[in-house]
Trainee: 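Mind having a look at this structure? Questions to follow.
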Amino acid sequence: MKMSEINEKLLDFLQKSPTCFHAIDEIKKTLIKGGYKELSEASKWNLEKDGRYFTIRNQSSIIAFRVPTTSYIGYMIAAAHSDSPTFKIKENPEIVEQGVIKLNVEKYGGMLCAPWFDRPLSVAGRVVIKQDGKFITKLVMVDRDLLLIPNLAIHMNREANSKASYNAQVDMLPVFGGEDAKGKFMEIVAESVGVKKEDILSHDLYLYTRGRGTVWGAQNEFISAGHLDDLQCAFGSLYGFLGANDSESIPVLAIFDNEEVGSGTKQGADSTFLQDTLERIALSLGKSLEENKQAIASSFMVSADNAHAVHPNHVEKADPINRPKMNQGIVIKYNANQKYTTDAVSAAVFKDICQEVNVPVQTFTNRSDVLGGSTLGNISNAHVSLNTVDIGLAQLAMHSSYETAGAKDTEYLVEALSHFFSLSLKDEGEGTFTLK
Ligand code: ZN
């Protein structure tokens with residue numbers, strides 16, 4: 001794929017993925033096109049040599065893998081996350097206030113609030129209905145400009161530009177309609193999935209910003225859209241996974257939900273999802289649990305979650321030396337307290353993989369007086385412990401509703417990960433590893 005093609009495809013994917021449920025659904029569709037079969041966690045797995053599979057948990061996390069034709073050494077895993085900070089619609093959301101209906105929302109994750117004001121928004125997520133004695137989940141995407149969170153005018157808030165502060169219960173409630181729109185919110189949601197309002201038993205609905213992302217800049221250097229953290233890495237990991245050659249290990253693509261709220265759900269990186277899946281692969285292919293533990297020792301994980309690029313207006317916020325720049329390659333993240341899993345071994349292995357396919361790498365560390373964020377790698381390692389490197393693509397305005405990254409970097413990730421997924425790592429003991 002050419003760079004412009006990759007970016008258009010990424011923008012398409014982002015446009016169709018206003019929530020984690022939609023992102024997983026899009027990944028699923030792409031996998032099915034590539035000949036992958038869905039496995040239910042609730043049924044017995046009978047895996048075949050050369051088979052291509054995926055399994056989904058909670059419609060918001062997915063793990064895909066390919067079975068080699070011969071016995072396998074280990075697992076080559078890339079992980080990213082499907083969720084982004086947003087506002088969740090609360091139960092009984094309509095509030096009547098001075099002739100308008102507004103919606104009661106609460107924060108999901110830690111967003112920058114300012115970019116959510118004064119722009120068209122809508123609602124997406126899922127609803128559960130009961131039909132013929134079964135609970136059925138339907139994905140919702142009300143595909144029109146439906147909501148807006150109005151700013152307070154400067155005349156009423158003279159300190160708006162010097163002391164911005166946003167109260168989620170006061171400032172962030174979106175306006176939905178006039179007084180006579182009372183009762184219409186769930187009606188519109190129901191209509192969008194072809195059911196009656198009374199049929200909806202429950203919902204997970206979120207705000208999303210309207211409009212397609214863009215590639216921009218003097219020479220189209222930048223790409224901006226919502227959800228780049230972390231769907232840019234999810235997308236790059238997916239196409240790296242699909243573009244890889246067979247190796248003696250099993251390539252595994254794992255996209256987890258709930259990273260933005262600590263991963264501690266049944267489908268997050270702090271769940272048994274990855275461990276369960278790897279064990280079931282091993283058992284179904286005739287390996288014992290003992291042999292699966294050997295395989296995990298000869299495995300490697302790339303935990304891919306976007307990284308902070310140095311901000312051109314705030315260079316003082318970055319480490320004096322390790323300052324990632326957009327379009328200058330994949331960022332390897334380091335942290336002495338192991339919020340990032342990268343260590344000498346995993347960094348060496350990953351740098352070598354990138355070098356072999358001419359993909360540049362750069363490094364990120366926090367300033368030593370700044371507490372950084374956390375990500376998937378070390379959380380997942382508490383369940384499936386293996387050599388892991390934390391990486392990401394450099395971006396600005398992380399957790400804005402409109403983020404900015406380098407137009408070249410997605411392609412770098414695809415190239416590096418297709419090479420990664422084509423390799424096997426062998427633990428030879430005493431800190432010695434081979435990669436082939
Ligand atoms: Zn992230």
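In each ligand, atom 1 is the first atom listed, and ligand 1 is the first ligand listed. Just so we're clear, the structure is a prediction, and the values are computed from it rather than from any experiment.
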Trainee: For the Zn ion (ligand 1), find the closest N/O/S atom belonging to D229 and write down its atom name.
Mentor: OD1
Trainee: Do F256 and F273 have side-chain heavy atoms sitting under 4.5 Å apart?
Mentor: yes
Trainee: Tell me whether the centres of the aromatic rings in Y36 and F54 are closer together than 6.0 Å.
Mentor: no
Trainee: Could you check S263, S60, S271, S61 and say which one makes a side-chain hydrogen bond (donor to acceptor under 3.5 Å, both in side chains) with D257?
Mentor: S60
Trainee: Return the name of the atom in D305, of element N, O or S, nearest to the Zn ion (ligand 1).
Mentor: OD1
Trainee: So, is C233 placed with an N/O/S atom under 2.8 Å from the Zn ion (ligand 1), counting both backbone and side chain?
Mentor: no
Trainee: Using the side-chain contact (heavy atoms from CB on, under 4.5 Å) rule, take M326 and E221 through it: C-alpha gap first, then chi angles, then the decisive distance, then the call.
Mentor: CA-CA 9 Å; M326 291 178 285; E221 294 91 337; over 6 Å; no
